[in-house]
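Start at 1 with the first residue, then count along the sequence. None of these values were measured; they are calculated from a predicted model. We use all heavy atoms of the structure for the numbers below, so side chains are in, but hydrogens, waters and symmetry mates are not.
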Amino acid sequence: AQQGRVREKVYGKQKIYFADQEQLPAASDAELRGLDGEIAARSGQLQALQQSCRHMEAELKDLNSSMTTPEIAREIEALRKDCASYTEKLERIKSATNHVTPEEKEKVCREQQLYRREWRRRKRMATELLDAILEGYPKSKKQFFEEVGIETDEDHGVELPATT
């Protein structure tokens, strides 16, 4: 600092030393433009390298999350075993002798439709009868059902099957 190469600034009890920039040669406008161009070129290179790095990191992540060759071999073997068991099950079903004929299926469907219709009709009749009784009944519907001992489909979580 005494020789003038380094400058000294005092801030309270602290002293800061820095190079005396007045002794450095001043850069010309051409040199500054050249340095600015070099900075821009280096910034472009930096961005390209960062983009390449992000691409490689994404590729590495994909590769790390994909299955390895031994894992794929185990998976293929498990799928082949599943396929063989399903094929065997299909063959057993095909070779079964107790198939339902279309006539039997149609008969069962007609009976189910008949029973469903009858269920709806009887439920409607019972509901209308109970509603008529409840018009003159002083207590609530729930209390009436408890007193008489009526259990509804809803109490047991039963729903009428949909019409097909």
Considering residues at least two apart in sequence or located in another chain, which fulfil the side-chain contact (heavy atoms from CB on, under 4.5 Å) criterion with [X]?
X      : answer
Glu57  : Cys53
Glu146 : Lys142
Thr101 : Glu103, Glu104
Arg122 : Glu118

Specify the closest pair of heavy atoms between [X] and [Y], including all atoms of both residues, with the distance to one decimal.
X      : Y      : answer
Asp155 : Ile150 : OD2-O, 4.3 Å
Ser66  : Leu63  : OG-O, 2.8 Å
Glu159 : Trp119 : O-CH2, 3.8 Å

Working to the nearest 0.5 angstrom, can you tell me the gap between [X] [atom1] and [Y] [atom2]?
X      : Y      : atom1 : atom2 : value
Glu111 : Leu114 : CD    : CG    : 8.0 Å
Glu106 : Arg110 : CD    : CZ    : 5.0 Å
Ile39  : Leu46  : CD1   : CG    : 12.5 Å
Thr127 : Leu134 : OG1   : CG    : 10.5 Å

_side chain to side chain donor-acceptor pair (under 3.5 Å): pairs with one or both residues in residues 25-48, sequence neighbours excluded_ =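 Output for this query is empty, none listed.
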*Find out if a path of hydrophobic residues (ILVMFWY) with successive side-chain heavy-atom gaps under 4.5 Å connects Val148 to Phe145.*
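As far as the 4.5 Å side-chain criterion goes, Phe145 and Val148 are connected within one cluster.
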*Same cluster or not: are Ile76 and Met67 linked, directly or through other Ile, Leu, Val, Met, Phe, Trp or Tyr residues, by side-chain heavy atoms under 4.5 angstrom apart?*
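In one cluster with Ile76: Met67, yes.
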*Counterpart residues, ring pair (Phe, Tyr, Trp, His ring centres under 6.0 Å), relative to Tyr137 (two or more places apart)*: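 Checked Tyr137 against ring pair (Phe, Tyr, Trp, His ring centres under 6.0 Å); matches are Phe144.
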_Tell me whether Glu128 contacts the main-chain N or O of Met125 through its side chain, where contact means a donor paired with an acceptor under 3.5 Å._
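Between the backbone of Met125 and the side chain of Glu128 there is no qualifying donor-acceptor contact (under 3.5 Å).
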*So, does Ser52 use its side chain to make a donor-acceptor pair with the main chain of Ala48 at under 3.5 Å?*
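No: the side chain of Ser52 does not pair with the backbone of Ala48.
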*asked:* Does Gln21, at its CD atom, have more than 12 non-hydrogen atoms belonging to other residues, nucleotides or ligands within less than 6.0 Å?
replied: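 No, not enclosed.
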Please identify each residue that fulfils salt bridge (Lys or Arg N to Asp or Glu O under 4.0 Å) with [X], with sequence neighbours left out.
X      : value
Lys139 : Glu147
Glu8   : Lys15
Lys123 : Asp153, Glu154
Arg80  : none

*What ring-ring contact (aromatic ring centres under 6.0 Å, His included) pairs are there with at least one residue in residues 30-85, not counting sequence neighbours?*
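Every candidate ring-ring contact (aromatic ring centres under 6.0 Å, His included) pair involving residues 30-85 fails, so no pair, neighbours aside, qualifies.
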Compile the donor-acceptor pairs under 3.5 Å between side chains in residues 83-90 and protein atoms, sequence neighbours left out, one pair per line.
from, atom 1, to, atom 2, distance (Å)
Ser85, OG, Asp82, O, 2.8
Thr87, OG1, Cys83, O, 2.7
Glu88, OE2, Arg92, NH1, 3.3

*Strictly by modelled atom types, are Arg116 and Gln112 linked by a side-chain donor-acceptor pair under 3.5 Å?*
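Their side chains do contain a donor-acceptor pair, which is all the 3.5 Å distance test asks for.
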*Does a donor on one side chain sit under 3.5 Å from an acceptor on the other, for Gln51 and Arg54?*
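Side chains of Gln51 and Arg54: pair found under 3.5 Å.
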_Side-chain heavy-atom pair Val6, Asp20 within 4.5 angstrom cut-off_ =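 Answer no - side chains too far apart.
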